[in-house]
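A quick write-up on the structure given underneath.
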Amino acid sequence: SHFRMALDSGDLRFDHCTAQDALFTPYTTPFSIQSDGKVGIGTVDPDYELEVEDAAGAVAVGIKAGGTGQASYLRFINSTNHWRLGLVTDDFSLYDNTNTATPFRVDAGAPNNSLRGLTSGNVGIGVADPSNPLHVLNTSTQQKWSYDADSYADLQVADGSHTQIATAESGNLTLAPAGDIYMNPT
C-alpha cells in the first residue's frame, strides 16, 4: 500500500493506493480535511463537520471504552442543553446532562422487541408487530399502574382471554363511568 498527503485547492487529503506502480495509478481518498474545517472519511466533499461515507455499503462508526463498565457515548450540546447518548456502565441510555435525568434506558441483555415503534405510530412492548396504538405482549402481568412501590393495580390477560384486574394492599377497585356499564356473560 502507498499513501500520500496532498493539498488540493486548500483542502488537505490523505490518499491511498494498493498498486505496485503508485506513481501512475489513481489514488482513493479515504480521509480529507476541507479548507472550511469539515472532515470527510470516505468522501472528499463532506457536507457536515464530520461525514463518514462508504459508497459500497453500510457505514459503521465505533466508540469503544477501555473495559467493562466504562462509559462510551456521544455528547450533543448547544447553548442551553447537554445530552449524552451511549453506554453508561453496561446500559444504553439517553441522559439529560442539563437536568441530571435519564428519560430512556435499555439494560444490557434486554429481550428482542422490548420496545418497538412502527411507521403506523403503533408501539409494541414485547411484540414485533404491534396492531394497536399500544400493544403489550407478555405471558404474565401485562400492565401495572403504580402510585408508589406498595400501591398499584395490575392487569393480566391469560390464555383463553381470561382477564384479571388486581389491586395491591387492601385497595378498592372502583368503576366510575359517565354512562352505563354493560356485562354480557355468555
Side-chain angles (χ1 to χ4, degrees), residues 1-138 142-143:
S1 288
H2 302 278
F3 293 91
R4 72 177 176 193
M5 186 170 60
L7 192 58
D8 180 17
S9 302
D11 300 337
L12 181 62
R13 296 185 180 170
F14 297 88
D15 298 333
H16 175 255
C17 176
T18 57
Q20 287 286 356
D21 189 359
L23 185 61
F24 300 105
T25 304
Y27 280 72
T28 60
T29 306
F31 181 76
S32 66
I33 302 172
Q34 302 300 300
S35 59
D36 60 3
K38 294 178 180 170
V39 176
I41 299 174
T43 178
V44 295
D45 191 22
D47 294 319
Y48 307 100
E49 282 66 27
L50 173 61
E51 183 172 332
V52 181
E53 181 179 313
D54 184 351
V59 174
V61 176
I63 300 173
K64 186 175 181 180
T68 303
Q70 300 296 315
S72 59
Y73 49 82
L74 293 172
R75 289 182 184 262
F76 300 89
I77 304 169
N78 65 17
S79 62
T80 57
N81 293 295
H82 178 183
W83 289 83
R84 294 187 318 216
L85 178 67
L87 292 175
V88 178
T89 62
D90 291 325
D91 300 334
F92 181 80
S93 65
L94 177 63
Y95 180 74
D96 179 354
N97 210 72
T98 306
N99 298 299
T100 60
T102 306
F104 181 78
R105 182 172 77 193
V106 178
D107 292 343
N112 287 337
N113 300 308
S114 292
L115 179 64
R116 175 87 191 263
L118 300 182
T119 57
S120 64
N122 292 350
V123 174
I125 298 174
V127 62
D129 191 18
S131 58
N132 297 90
L134 177 60
H135 187 162
V136 179
L137 176 64
N138 195 319
Q142 287 88 8
Q143 294 183 32

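Just so we're clear, the structure is a prediction, and the values are computed from it rather than from any experiment.
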- Item | Close side-chain approach of Val39 and Leu50, heavy atoms under 4.5 Å | yes

- How about Tyr95 and Thr100: do any of their side-chain heavy atoms sit closer than 4.5 Å? yes

- Message: Are Leu134 and Ile125 packed together at the side-chain level, in the sense that at least one heavy-atom pair is separated by less than 4.5 angstrom?
- Response: yes

- Residues two or more places apart in sequence or in another chain: which of them pass salt bridge (charged side-chain N to carboxylate O under 4.0 Å, His left out) with Asp96? none

- Query: Closest approach of Tyr73 and Gly86, non-hydrogen atoms and distance?
  - Reply: CB-CA, 3.8 Å

- Query: What residues, two or more places apart in sequence or in another chain, satisfy side chain to side chain donor-acceptor pair (under 3.5 Å) together with Asn81?
  - Reply: none

- Note on the structure: When every non-hydrogen atom of Ser131 is compared with those of Asn122, the smallest separation belongs to C-ND2, 3.4 Å

- Nearest heavy-atom pair of Gln142 and Val136: which atoms, and what distance? O-CG1, 3.3 Å

- Message: So Thr98 and Thr80, do their side chains get closer than 4.5 Å, heavy atoms only?
- Response: no

- Message: So for atom CZ, which belongs to Arg105, do other residues, nucleotides or ligands contribute more than 12 heavy atoms lying within a distance under 6.0 Å?
- Response: no

- Query: For Pro130 and Gly124, which heavy atoms make the closest approach, and how far apart are they?
  - Reply: CG-N, 3.4 Å

- Measure the shortest side-chain to side-chain distance between Asp129 and Leu118 over non-hydrogen atoms and say whether it is less than 4.5 angstrom. yes

- What distance do Leu85 atom CG and Ile63 atom CD1 have between them, rounded to the nearest 0.5 Å? 8.5 Å

- Query: Are side-chain N/O atoms of Gln34 and Ser32 paired as donor and acceptor at under 3.5 Å?
  - Reply: yes

- Note on the structure: Residues pairing under salt bridge (Lys or Arg N to Asp or Glu O under 4.0 Å) where one sits in residues 37-64, two or more places apart or in two chains, turn out to be Asp36-Lys38

